[in-house]
Amino acid sequence: MSPPAMLGYGVALLSCLLVALLSALFRPLLVYSPSALFFASVAISARFFGRGPGLLATLLSALVFDYISLEPPFAFNFTFPMPLVSLIEFVLVALLITYLSDSLRVALRHAQTNLTLLDTLLASAPVGMGFLDRQLRVVRINDELARQDGTTRSNAQGRPTRELVPDLWPKIEPLLARVLSTGEPVINKEVTGEVPSRPGESRSFLVSYYPVRGERLEVEGVGSVVVDITERKRLEDERARLFDRARTAEARYRALFENLADPIFVVGPDSRHLDVNRAASDLLGYSREELLSRSLSDVVAIKPDWTEREFAHLVSTGSWKGELELRRRDGSSVPVEAQSIAVALPTETVYVTVVRDLIERRQAVADRVRLAREEAERSAVERERSRLRAILDQAPAGISYVDAATRRVLMNARAREILGLSSASDYPLEEFIRQVREPDGRRPNQAELPALRALRGESTLDRELAIVRSDGQQVPILLNAAPIYRGPDQIDGVVVAFQDIASLKDLDRMREEFMSAIAHELRSPIAVIRGHAQLAILHGALADRARDAFAAIIPQTDRIAHTIDDLLLVLRLRPGPRALTVEHLDLTEVVRVVVARTAQDRPSYTLHYRDDGPVDLDADPSLLDLLVTRLIDNAIRYSPRESSIDVSIQQMGDEAVVSIADHGVGIPPERQAHVFTPFYEPVPSGAPGYVGVISLDLYLSKQIVEAFQGRIWFTSTPGQGSTFYFALPLTGARSKAAGPSTARGWQEPSR
């Protein structure tokens, strides 16, 4: 038996003897609880020494209790029912006390063991560990966590966490509150800040918080595990920085290696390729992966024994230089000049070969000769350009060039003078456009400006406009514009030529005044001549020949009067403020009346008319009637008898388009550009269909259409006829500036 066991049994025996002595001495006083002292003996024996001494104390206490406390006293009596029941009851209670006291002893011993283990774990743990109560006060903390917090275990005991780490508290308090409120752990959260142990230094910690639960599984506190990862993060940052530097260096090397113009081959000691750049792959026609699977002898178009001998020389001497031929993937060979050197690396020695294509070298010499020739030609072109620039600057007309990409305008000296510019620098196209006006001072429709039309590939000839200079002066100009093509479909720029026609406008004004005076002066004598001719025919006794002569005078005077009326109408419609009688009318009614009147006056022609319904617009009804009449007369003039004339009206967008088509002789291509010129005969003299009548019909038609801010154009095929179109803006439609529409072969696109 071990000494502790012997001690326990001895204590049980002595405690029972002591209880017996006390019970005998104080028996009168223990009348109400005679068993209390015996139970104390049993409890002490079982609590401190185990179940064996407790059972011994139970047995001895039962005997003493029967001997002293049960009737009759000082005698052992097991026959009477009541004392026997009391004895049995005593024994059962004593046994229960023995069991409970022994269990308490074992539990306390286990708790002490666990507490010792916990203290050992906390003391030896390489990380900071601790426990906080629900008020987040420190219950237990190990040395590592105390060291991190700049304190000791005893000093930290019972203190609020916010006092230990005030700088970290705003970051960790939400995490601790989450654990207390949800009962869920917070694992591996990184926090950064200062701690009292390292003032002025930012430290990084990896923290984990978990709930500590009591007997009822309620969260009674928070356990914490704190790892100082400052050094680890520094090492990781340093490693990442070194890795980035290495990766950058590798990328820089690879970029340099890949983008070198000369082919480079890197082979190992076994003459197999370790690396090649893009130029090497392009030279031989292999991919990089295909070359890396081949050796030096596979790409050298010379006998293998020569390749092996020369490679051995390279290995022994560390360098090699010479000319050789390389074999391409397609089987052809290319002569190259090669230079190889040995490069000692930490793990092995590699051999780097730089080659230069001899064909390219020869080509380079040829290129240098070609470049020298081109430079000489460029110098000649530059001299010619300087000469041309000087000529343009001395030209009497304004000449400008619009760059299609930058929309900047380069101008010669005369162009700058007309625009009122002092600087020779390029000029924005938008500024140039803002200075342009119609001859009557209106702002033109920008889409129809010659420069913008030329940027779309359309040429413009003899367009009359005006320039408003910076000083407010308006200068009339005659403008031409044409595109310049870089390729078949790419417009490089636009050439715009314009001329100050102020003096010509003065002459034109004088001419118009003279024509107006002459026309007015001629109307009276013409009327007198016609009247006398009619009187002579009606009342005179004339011979037949004289009567025929007077009869011939009347249509000729009508023709002269018609021409005079046309001249006066031209003067009325000249550019400038117009006094037109504008009414709201239905275009179809006006055209229908003209078609009906013409069909009645010209029964030998068939007129077909078609429209899609009423067309409302604002126009001068008399001029509109005159416009349709002149265009139909023009169609009849150049059409054979018994032919048909087709007249139609359509609405296209915000315009009304009228077409008059004939099936006559048509207009030759070389004369189409001038059909709207005054007194111009579309059909040349002697050609089929020539009528010998020079009129202002088409010129007047164009003037009337432009007076209503419309457009007029035509299409014509010799031998098949012509179709004339004019478009007028509908009521409420935005006005449009009428531009030239006589370009050869041009037809208004469908809308």
Side-chain angles (χ1 to χ4, degrees), residues 234-372 375:
R234 185 185 63 79
L235 293 176
E236 289 177 354
D237 293 343
E238 181 67 19
R239 181 176 63 181
R241 186 178 63 81
L242 293 176
F243 179 76
D244 289 341
R245 288 180 58 185
R247 184 168 56 186
T248 302
E250 181 182 2
R252 187 181 298 115
Y253 155 75
R254 176 55 58 182
L256 178 63
F257 182 72
E258 288 292 336
N259 290 288
L260 286 174
D262 292 331
I264 301 176
F265 301 84
V266 181
V267 299
D270 57 354
S271 79
R272 299 193 68 83
H273 288 101
L274 300 177
D275 202 358
V276 294
N277 67 349
R278 186 183 298 112
S281 300
D282 295 342
L283 177 65
L284 300 184
Y286 289 100
S287 67
R288 181 174 180 272
E289 291 71 20
E290 290 174 331
L291 281 175
L292 295 184
S293 64
R294 286 167 168 76
S295 64
L296 192 61
S297 60
D298 293 331
V299 298
V300 176
I302 307 178
K303 293 181 179 181
D305 57 346
W306 181 89
T307 304
E308 294 174 0
R309 184 175 64 253
E310 295 301 319
F311 185 73
H313 174 74
L314 170 62
V315 172
S316 62
T317 62
S319 64
W320 185 90
K321 184 177 182 180
E323 294 184 1
L324 51 86
E325 290 188 359
L326 297 179
R327 185 184 297 108
R328 289 193 174 105
R329 184 176 185 178
D330 58 5
S332 62
S333 60
V334 54
V336 298
E337 180 185 47
Q339 184 172 1
S340 304
I341 60 171
V343 178
L345 300 178
T347 56
E348 60 180 345
T349 299
V350 298
Y351 303 93
V352 180
T353 301
V354 180
V355 303
R356 182 166 298 173
D357 190 345
L358 293 179
I359 296 178
E360 291 186 356
R361 174 182 289 184
R362 296 162 188 158
Q363 183 63 38
V365 175
D367 289 343
R368 284 196 292 271
V369 174
R370 178 179 56 80
L371 290 175
E375 183 62 28

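Worth saying up front: this structure is predicted, and the values here are computed from it rather than measured. Along the sequence shown, residues carry numbers from 1.
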Shortest non-hydrogen contact from [X] toward [Y]:
| X | Y | result |
| --- | --- | --- |
| Tyr286 | Arg327 | CE1-O, 4.1 Å |
| Ser333 | Ala301 | CB-CB, 4.3 Å |
| Ala279 | Ala261 | CB-O, 3.5 Å |
| Ala342 | Thr349 | CB-CG2, 4.1 Å |
| Asp262 | Val355 | CB-O, 3.8 Å |
| Ile264 | Ala280 | O-CB, 3.7 Å |

Does Glu348, at its CD atom, have more than 12 non-hydrogen atoms belonging to other residues, nucleotides or ligands within less than 6.0 Å?
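Check passes, neighbour count above 12.
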Which residues pass the ring-ring contact (aromatic ring centres under 6.0 Å, His included) test with Tyr253, not counting sequence neighbours?
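For Tyr253, the residues satisfying ring-ring contact (aromatic ring centres under 6.0 Å, His included) (neighbours in sequence not counted) are Phe257.
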Taking ring-ring contact (aromatic ring centres under 6.0 Å, His included) as the definition, give me every residue that meets it alongside Tyr351, ordered by chain and number, with sequence neighbours left out.
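Applying ring-ring contact (aromatic ring centres under 6.0 Å, His included) to Tyr351 gives Phe311.
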Measure the shortest side-chain to side-chain distance between [X] and [Y] over non-hydrogen atoms and say whether it is less than 4.5 angstrom.
| X | Y | result |
| --- | --- | --- |
| Trp320 | Thr353 | no |
| Ser295 | Asp270 | no |
| Leu284 | Leu326 | yes |
| Asp275 | Arg254 | yes |

Check this for me, if you would: do Arg247 and Asp244 make a salt bridge, where the nitrogen-to-carboxylate-oxygen distance has to be below 4.0 angstrom?
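A salt bridge is present here (some side-chain N lies under 4.0 Å from a carboxylate O).
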Considering only NZ, NE, NH1 and NH2 on the basic side and carboxylate oxygens on the acidic side, decide whether Arg241 and Glu238 come within less than 4.0 Å.
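Result for this pair is yes, salt bridge flagged.
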Rounded distance [0.5 Å steps], [atom1] in [X] versus [atom2] in [Y]:
| X | Y | atom1 | atom2 | value |
| --- | --- | --- | --- | --- |
| Arg328 | Asp282 | CZ | CG | 11.0 Å |
| Arg294 | Arg329 | CZ | CZ | 7.5 Å |
| Leu292 | Leu274 | CG | CG | 8.0 Å |
| Arg252 | Thr248 | CZ | OG1 | 6.5 Å |
| Arg278 | Arg288 | CZ | CZ | 11.0 Å |
| Leu291 | Arg272 | CG | CZ | 11.5 Å |

Taking the inter-plane angle between the rings of His273 and Phe265 on a 0 to 90° scale, is it parallel (under 30°), tilted (30 to 60°) or perpendicular (over 60°)?
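Because their plane-to-plane angle lies in the 30° to 60° range, the rings of His273 and Phe265 count as tilted.
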